[in-house]
2 protein chains.
Amino acid sequence: MPWEPVGNHPNLNERTQHLLKVLVERYIRDGQPVGSRTLARDAGLDLSPATIRNVMADLEDLGYLQSPHTSAGRVPTARGYRLFIDALLNVPPLDHREVEILRRRIDQPVQNSAELARTVSDLLSGVTRLAGIVMVPRRNVVTLRHVEFLPLSENRVLVVLVLNAQEVQNRIIQTRRPYSAVELNQAAQYLNGQFAGKGIQQVRETLLRDLRETRDNLDRLMQTVVEMAEQTFEIDPVGEDYVVAGQTHLMQCADLSDLDTLRQLFEAFNHKSDLLHLFDQCLHADGVQIFIGEEAGSSVLQGCSVVTAPYTVEGQVLGVLGVIGPTRMAYDRVIPVVEVTARLLAAALNDQD
Amino acid sequence: MPWEPVGNHPNLNERTQHLLKVLVERYIRDGQPVGSRTLARDAGLDLSPATIRNVMADLEDLGYLQSPHTSAGRVPTARGYRLFIDALLNVPPLDHREVEILRRRIDQPVQNSAELARTVSDLLSGVTRLAGIVMVPRRNVVTLRHVEFLPLSENRVLVVLVLNAQEVQNRIIQTRRPYSAVELNQAAQYLNGQFAGKGIQQVRETLLRDLRETRDNLDRLMQTVVEMAEQTFEIDPVGEDYVVAGQTHLMQCADLSDLDTLRQLFEAFNHKSDLLHLFDQCLHADGVQIFIGEEAGSSVLQGCSVVTAPYTVEGQVLGVLGVIGPTRMAYDRVIPVVEVTARLLAAALNDQD
DNA sequence: CTTGGCACTCTGAGGCCGAGAGTGCCAACC
DNA sequence: GGTTGGCACTCTCGGCCTCAGAGTGCCAAG
């Protein structure tokens, strides 16, 4: 099992487990509390409702089920979902044709990783009819490919950085004195000649540590180089961020119909820090991970589940993707979709480099 | 008045207009249908409720008011809001201190126009507690500042374009044959030397029309230049787009509490084409424009109003910004905020160039 | 034209009732 | 001892009624 079992569950009767499984499946399908009569019919065990009732009462005592009120059926608790997912759920592999459809949509040519993230996020949300999320983390190793300096006005210079395979970043820096286009060009040429293909961490260290202290002895070119480099490589250039798509799907699922809950959830999407924290945790677990309700650590995720998977290229984790939806979601379908999408995205990134 | 009067309204009694004004103001404040007794108290005219009732009945006949049901008070119709905004509303200028606060938030240094759009959009939504929108349109005149080609793999080249003041664009193009870094560099140098500062339209025409037909006679460098340029300047590089912020505010206003309406609205934000169409219309009206409900041309905007203003630099319209909220919004506050924000954004862009 | 009076209408909250669904418990059964 | 049918009990939900409150429209008088 790719997701780690969290709760520790006392031994449950084979039959009891089966009944829990059927109940959860039924509830995920219908969204209605499941009564003993219904469960008796569905379970295929040839037991009377009365027997079922006894089992259900036990499951309620153990915290796997609860009833909304006396005379409704039962509904799984978070603990119930947990056991279901850890031990009872069987996840069918995705149909070949479906994999193909996913592959085709991911393999379309894109301009940059942000656009790819958006595409994949759209895809996840479209296929699952939930909210899709793709995170692009801060990479540990960022390779400098090319740098360019353009004078904007008196003391402002536009820096264009090409990183990794094809990531383009630009920023504006303030300089201590005006630089001519020629000076800037020479500085860029020097940096490109010297450091293209090197890790940006390494560039920073080599350049700044070695040269800064001897600044006064440097010729004019190298002084330019140092001043530019100081600001260019100052902060880690690839920020950690994510892309959400299909939030509106969440407005359609009956479970989250409470407007206020929904608003808080949407605000969390914009706020980002909570979710980034969650995804950071997933970065180094391999395979699909599932968080049920407040297991995710944030109270705004009440009633929601998060299904995530990291994607890796050459063993290095590049990011996490996943979906957010109501806890009552079709895990048997969502899990393989998330899993396969992560693999396909990894493959696409691999080809691209 | 900056917004254009749309409906043509028959002569209304001075007193009748005053009563409509007070009613709309009251309704905007409370959100409750206004009855004759309330209006009589609020209007300050020393009239009895019975008289007010007669006037209200007239206004209803003329289509300015309606009652939700027999024994509720009256509510303005779209037509009523229209008249209110066109002729009755007085818009107080924004407080100096408030303008200063806005200015300070807009004048913060930013990296590129997309980031600025986001900042301003956030600002609009924060100040008005509605959804803020900033559109960056396709500019008519796009100036090439700098171009750079980097070989990625066999037949793929990364193009980095610096446009206008500081806009950086990048795209990947497929080439017919592999090019070396040196070749690409020469081609870029040629283009920069020849065309930096020129309009991109002009570059395209000059280069492609004049040279393409004589391709066979060109030297190797110029052949490279032509192939690169063909794809680099093929499509209009600055896409029309907008940024929405603070959508969640719309979930809090009682008027739009219908989940389904809200969902459709949010989907419209993602879909973009409807709203882009609307904003295109605003591009060349000067000053604040207001669309009430379906005046905006899209049925998803039922119950919503849109307040927009274009922002210009040196007489050239650069884009449109505005807010979307329930029709029952505090126009006397929203209008000056939108107006001032547009001016401040224009000023900020002007300084930046 | 304005006003007070008055009958009328409609909503919304609260209370009541009955149907339906499901439970818990118990005694009987295998 | 696990399983079962029976049965009383509880709770929700929709329909129905009622009543107070708010606001209207109309009319006749000022």
Side-chain angles (χ1 to χ4, degrees), chain A residues 11-20 22-27 29-77 80 254-255 257-258, chain B residues 11-20 22-27 29-77 80 254-255 257-258:
Chain A
N11 296 354
L12 281 187
N13 200 329
E14 189 75 22
R15 190 183 69 179
T16 310
Q17 291 196 18
H18 175 71
L19 284 173
L20 178 60
V22 175
L23 186 145
V24 176
E25 282 168 353
R26 175 83 191 202
Y27 179 67
R29 189 189 339 272
D30 293 2
Q32 299 296 328
V34 182
S36 56
R37 183 195 304 267
T38 317
L39 189 52
R41 246 189 291 109
D42 278 21
L45 288 182
D46 209 29
L47 290 173
S48 77
T51 314
I52 302 288
R53 276 203 287 282
N54 292 326
V55 179
M56 286 168 95
D58 292 348
L59 282 169
E60 180 157 1
D61 288 345
L62 292 169
Y64 295 107
L65 298 181
Q66 65 183 46
S67 30
H69 56 85
T70 325
S71 83
R74 254 94 166 191
V75 161
T77 60
D255 310 21
S257 59
D258 180 20
Chain B
N11 295 355
L12 281 186
N13 199 328
E14 188 75 21
R15 190 183 70 181
T16 311
Q17 290 196 18
H18 175 72
L19 285 173
L20 178 60
V22 175
L23 185 146
V24 176
E25 283 169 354
R26 175 81 190 205
Y27 179 67
R29 185 184 348 265
D30 294 2
Q32 299 296 326
V34 182
S36 55
R37 182 195 303 268
T38 318
L39 190 50
R41 246 189 291 108
D42 277 21
L45 289 184
D46 209 27
L47 291 173
S48 77
T51 313
I52 303 287
R53 275 204 288 282
N54 291 327
V55 179
M56 286 168 95
D58 291 349
L59 283 169
E60 179 157 2
D61 288 344
L62 292 169
Y64 294 107
L65 298 180
Q66 66 183 45
S67 29
H69 57 86
T70 323
S71 84
R74 255 97 167 188
V75 161
T77 59
D255 311 20
S257 58
D258 180 20

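Chain naming here is simple, since letters A, B, ... match the order of the sequence lines and numbering starts at 1 in each.
- When DNA chain D is scanned in the 5' to 3' direction for atoms under 4.0 Å from non-hydrogen atoms of chain A, the outermost contacting nucleotides are D:dT3 to D:dT12.
- With DNA chain C read from its 5' end, the first of the two nearest nucleotides for A:Pro33 and B:Arg15 is the one closest to B:Arg15.
- Within 4.0 Å (heavy atoms only), B:Thr70 reaches sugar-phosphate atoms of the nucleic acid but no base atom.
- Heavy atoms of A:Asp46 sit under 4.0 angstrom from primed sugar atoms or phosphate atoms, though from no base atom.
- A:Asp61 CG: more than 12 foreign heavy atoms inside a 6.0 Å radius.
- Here the rule is side chain to side chain contact (heavy atoms under 4.5 Å, CB included) with B:Leu39, and of B:Val55, B:Leu23, B:Leu47 only B:Leu23 fits it.
- Atom CG in B:Asp58 sits roughly 12 Å away from atom C1' in C:dC1 (whole-Å rounding).
- To the nearest angstrom, C1' of C:dG20 lies 11 Å from NE2 of A:His69.
- In summary, of the residues considered (B:Leu59, B:Leu12, B:Val22), a side chain to side chain contact (heavy atoms under 4.5 Å, CB included) with B:Gln17 occurs for B:Leu12 alone.
- Looking only at distances, a side-chain donor or acceptor of B:Thr77 sits under 3.5 Å from a matching main-chain atom of B:Tyr64.
- Note on B:Thr51: a base of the nucleic acid sits closer than 4.0 angstrom, heavy atoms only.
- Both A:Ala50 and A:Thr38 lie near DNA chain C, and the one whose nearest nucleotide falls closer to the 5' end is A:Thr38.
- The distance between atom CG of A:Asp30 and atom C1' of C:dA21, rounded to the nearest whole Å, is 15 Å.
- A donor-acceptor contact shorter than 3.5 Å is absent between the side chain of A:Ser67 and the backbone of A:Thr70.
- Residues forming a side chain to side chain donor-acceptor pair (under 3.5 Å) with B:Asp30 (at least two apart in sequence, or on another chain): B:Arg26.
- Note on A:Arg53: every side-chain N or O is 4.0 Å or more away from OP1 and OP2 of C:dC26.
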